[in-house]
Number of protein chains: 2
Amino acid sequence: MAGRLSGVKEIARRANVSIATVDRVIHNRKGVSETTRQKINEIIQEIGFQPNILASRLASKKTNRFAVLIPDARETDYWKASLDGIERAYQEIKQYGVFLDRYLFDLNDKSTFVKYVNDMLKGSYDGVVMAPSFIEEAASFASACADRQIPYVFINSDVPNRDSLTYIGPHLYQSGYQAGQLIRFGLKQGKVLIVNISKEIDAYHHLLRKEEGFRQYMENTNTPEAPIRVEKIDITNTTDEAIQDALDTFLKEHTDIDAFFVTNSRVKSVAKYLRNTARQHRILIGYDLSEENIEYLKDGTIDFLIGQKPEEQGYLGVMSLFQHVVADKKIAKEQYMPIDIITKENFEFYKN
Amino acid sequence: MAGRLSGVKEIARRANVSIATVDRVIHNRKGVSETTRQKINEIIQEIGFQPNILASRLASKKTNRFAVLIPDARETDYWKASLDGIERAYQEIKQYGVFLDRYLFDLNDKSTFVKYVNDMLKGSYDGVVMAPSFIEEAASFASACADRQIPYVFINSDVPNRDSLTYIGPHLYQSGYQAGQLIRFGLKQGKVLIVNISKEIDAYHHLLRKEEGFRQYMENTNTPEAPIRVEKIDITNTTDEAIQDALDTFLKEHTDIDAFFVTNSRVKSVAKYLRNTARQHRILIGYDLSEENIEYLKDGTIDFLIGQKPEEQGYLGVMSLFQHVVADKKIAKEQYMPIDIITKENFEFYKN
DNA sequence: CTGAAAGCGCTTACAG
DNA sequence: CTGAAAGCGCTTACAG
């Protein structure tokens with residue numbers, strides 16, 4: 001494996017000490033004289049020693065327990081994909097003695113989030129991955145983790161001013177900015193409607209960041225000859241019926257909308273409306289590769305979907321924890337997902 | 001790790017045999033009576049035995065040697081990225097006793113390809129990853145590997161009718177089809193020029209597949225009211241000067257081109273021409289996130305670049321070999337890369 | 001056909 | 001502050 005001239009045994013031989021002492025130095029344990037510590041460290045440098053992580057985990061029998069806290073997969077394709085990524089990561093690392101508990105809360109019931117948080121704090125985990133869907137509750141959970149020195153990772157959305165190990169998720173503002181580019185490329189000039197559909201205050205905050213980016217793009221690129229004007233509608237009753245009604249009412253009054261930017265995966269509801277009311281094609285852009293959204297992409301109602309790589313988020317969430325806790329590697333503070341532009345023509349090549 | 005009640009020792013205890021015999025059964029080695037073999041297999045099923053791959057590799061000291069054969073990284077950003085991915089994979093698997101040799105041939109000198117192929121055949125490798133840039137030579141190399149029972153993986157481009165372990169790379173036809181969608185979305189109607197720039201017959205063949213996809217999209221979506229007509233130019237002298245001249249000559253005669261589809265990373269040369277001759281913006285789409293291309297994306301000369309994930313290709317090439325040879329996993333016959341749509345607004349979130 | 005023993009590279013008590 | 005020995009779960013000769 002690592003070769004016979006580069007292991008702890010070789011270091012011990014060169015330093016004229018036992019391998020136990022070498023081990024102490026490698027792991028910065030105390031009980032070694034400064035002299036021998038230095039000598040050993042020099043040799044480590046010299047031969048470029050890299051511990052054999054297989055042998056290390058095998059011998060130590062050390063295990064780690066991680067926990068993930070995300071919305072229940074049954075809710076949406078999005079969280080299903082995230083969980084898939086989590087499982088994929090787990091398959092890769094479980095052989096290293098890592099255990100993983102999954103807590104799947106109900107997005108419509110904040111109390112399940114709180115309950116699981118309490119359970120998790122009792123569980124004495126070595127690391128946590130969470131989707132901070134309920135910002136305040138997540139923030140206080142983060143504080144509790146910090147107090148207990150438990151590293152935690154945010155996926156999908158961030159909580160400001162929390163010292164997480166890393167944030168893994170979309171760059172919301174920039175993805176709105178990207179949507180702006182696509183619409184301008186296809187529309188040239190006219191009027192576009194931003195559609196925010198959400199009943200959750202917490203989530204609404206995220207939609208606004210996308211809206212900001214979108215508006216900024218239009219502002220930056222507008223010219224007097226080819227202006228694009230922006231309207232917006234907030235829909236807070238999220239039953240499908242209510243959404244259809246809200247759109248109908250709005251569009252009866254504003255008949256000159258050429259394009260729609262829906263700031264989340266609810267784009268399917270707008271697609272449904274547009275397909276039913278037909279007339280002619282109008283540009284429609286939204287988020288996420290849910291099955292329903294893809295149906296509307298296929299039939300041409302939706303022009304573009306912006307993908308946020310939920311599977312990758314889940315995978316990286318767990319792997320980042322592993323790299324940090326087990327492999328002692330440096331982790332980037334922010335890991336923004338690519339802003340995937342998905343069409344009828346390329347969606348088959350994106351799993352999520 | 002795997003828990004004390006599920007290892008070879010436990011199986012041996014239950015079967016009333018030694019662990020050596022258990023090992024023989026696990027690895028289908030001969031020299032075990034049918035009776036004990038069955039008994040052991042039953043127990044393996046019963047307790048759901050999964051061998052500890054760490055311990056296995058550690059104990060066996062088995063090593064594997066892989067080789068990669070790709071164009072020299074100095075040639076282009078593209079192959080630099082591919083090599084990066086290969087190195088990333090290698091870092092992950094080297095601890096399992098895998099060694100990797102890199103053969104970087106000169107894209108402009110077929111003889112270097114042939115030379116390396118001969119070297120590799122002498123090297124008795126356990127697996128090969130190659131970019132079959134020279135189709136015939138690659139095909140005969142593939143045959144030689146097959147004769148020797150050496151699994152081989154094609155990345156970046158495929159060789160028809162060869163029984164590779166897997167193909168990892170773009171779906172050329174579909175990426176051209178995707179380019180068609182983008183141009184129609186922005187252009188609505190007019191005239192588009194396909195630009196093939198290549199002096200290599202082998203490579204030209206790939207460009208044609210993209211061209212086909214592009215043309216098919218236009219054909220499928222053309223209507224009498226909003227037709228898009230397609231012209232094309234092949235440029236086989238690939239010095240920058242010659243390209244500029246060829247474009248200049250062509251465009252003096254065809255002044256009504258509204259959009260350009262360049263079928264490979266040479267899009268930078270077309271961008272240079274368009275930026276220098278200015279007038280007004282015309283739609284320009286090409287391939288690959290090279291530094292130069294990104295410069296033209298940033299300044300607005302290029303509208304879209306289609307990414308082919310060279311880093312990912314390199315990574316998956318090596319990992320597929322590892323999964324097959326070391327971990328004995330099933331590998332999908334074709335692993336098409338996503339057709340990434342890259343813009344000025346999202347390129348920062350794509351490494352390659 | 002089968003088993004006892006040594007060993008992979010590292011870690012962990014334990015003894016000094 | 002330091003070392004000898006046992007052991008992690010598996011594999012590999014070697015002996016019978």
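Below, chains carry the letters A, B, ... as their sequence lines are ordered, and counting in each starts from 1.
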Measure from CD1 on B:I47 to P on D:dG9 and round the result to the nearest Å. 12 Å
Under the ring-ring contact (aromatic ring centres under 6.0 Å, His included) definition, can you give me all pairs with a residue in residues 312-332 of chain B, not counting sequence neighbours? B:Y96-B:F322
Ignoring hydrogens and angles, tell me if any N or O in the side chain of B:T166 forms a donor-acceptor pair with the backbone of B:V153 under 3.5 Å. no
Strictly under 3.5 Å: I want the nitrogen or oxygen pairs between protein and nucleotides 3-7 of chain D, one per line.
{"from": "D:dG3", "atom 1": "OP2", "to": "A:S18", "atom 2": "N", "distance (Å)": "2.8"}
{"from": "D:dG3", "atom 1": "OP2", "to": "A:S18", "atom 2": "OG", "distance (Å)": "3.2"}
{"from": "D:dG3", "atom 1": "OP2", "to": "A:T21", "atom 2": "OG1", "distance (Å)": "2.9"}
{"from": "D:dG3", "atom 1": "N7", "to": "A:R24", "atom 2": "NH1", "distance (Å)": "3.3"}
{"from": "D:dG3", "atom 1": "O6", "to": "A:R24", "atom 2": "NH2", "distance (Å)": "2.3"}

In whole angstrom, give the distance that lies between atom CD of B:Q95 and atom P of C:dC10. 12 Å
Round to a whole Å and report the spacing from NZ of B:K61 to P of D:dA13. 12 Å
Examine the side chains of B:N156 and B:Y78 and answer whether a donor and an acceptor come within less than 3.5 Å of each other. yes
Set of residues satisfying side-chain hydrogen bond (donor to acceptor under 3.5 Å, both in side chains) with respect to A:Y152, sequence neighbours excluded: none
B:R57 side chain vs B:A55 backbone, donor-acceptor pair below 3.5 Å: no
A:K62 vs C:dC10: side-chain N/O to OP1/OP2 distance below 4.0 Å: no
Bracket string, DNA chain C, 5' to 3' - pairs by Watson-Crick or G-U geometry under 3.5 Å, | interstrand: |||.||||||||.|||
Donor-acceptor pair, side chain of A:S60 and main chain of A:S56, under 3.5 angstrom: yes
Donor-acceptor pair, A:R65 side chain versus A:G123 backbone, under 3.5 Å? yes
For DNA chain C, the residues among residues 29-38 of chain B that have a non-hydrogen atom under 4.0 Å from it: B:G31, B:V32, B:S33, B:T36
Go through the side-chain N and O atoms of B:T36 and B:S33 and say whether any donor and acceptor fall under 3.5 Å apart. yes
If the plane angle is over 60° it's perpendicular, under 30° parallel, otherwise tilted; pick one for B:F113 and B:F105. perpendicular
In whole angstrom, what separates A:N52's CG from C:dG9's C1'? 6 Å
Tell me: CG of A:L58 to P of C:dG9, nearest whole Å? 12 Å
Rounded to whole angstrom units, what separation is found between the CZ atom of A:R57 and the C1' atom of C:dC8? 18 Å
Between P on C:dC10 and CD1 on A:I26, what's the gap in Å once rounded to a whole number? 7 Å
Enumerate the residue pairs fulfilling salt bridge (Lys or Arg N to Asp or Glu O under 4.0 Å) with a member in residues 29-47 of chain B, sequence neighbours excluded, ordered by first and then second residue. B:R14-B:E46, B:D23-B:R29
Within the side chain of A:T63, is there an N or O that forms a donor-acceptor pair under 3.5 Å with the backbone of A:V98? no
Using whole Å, what does the distance between atom C1' of nucleotide C:dT2 and atom CZ of B:R13 come to? 19 Å
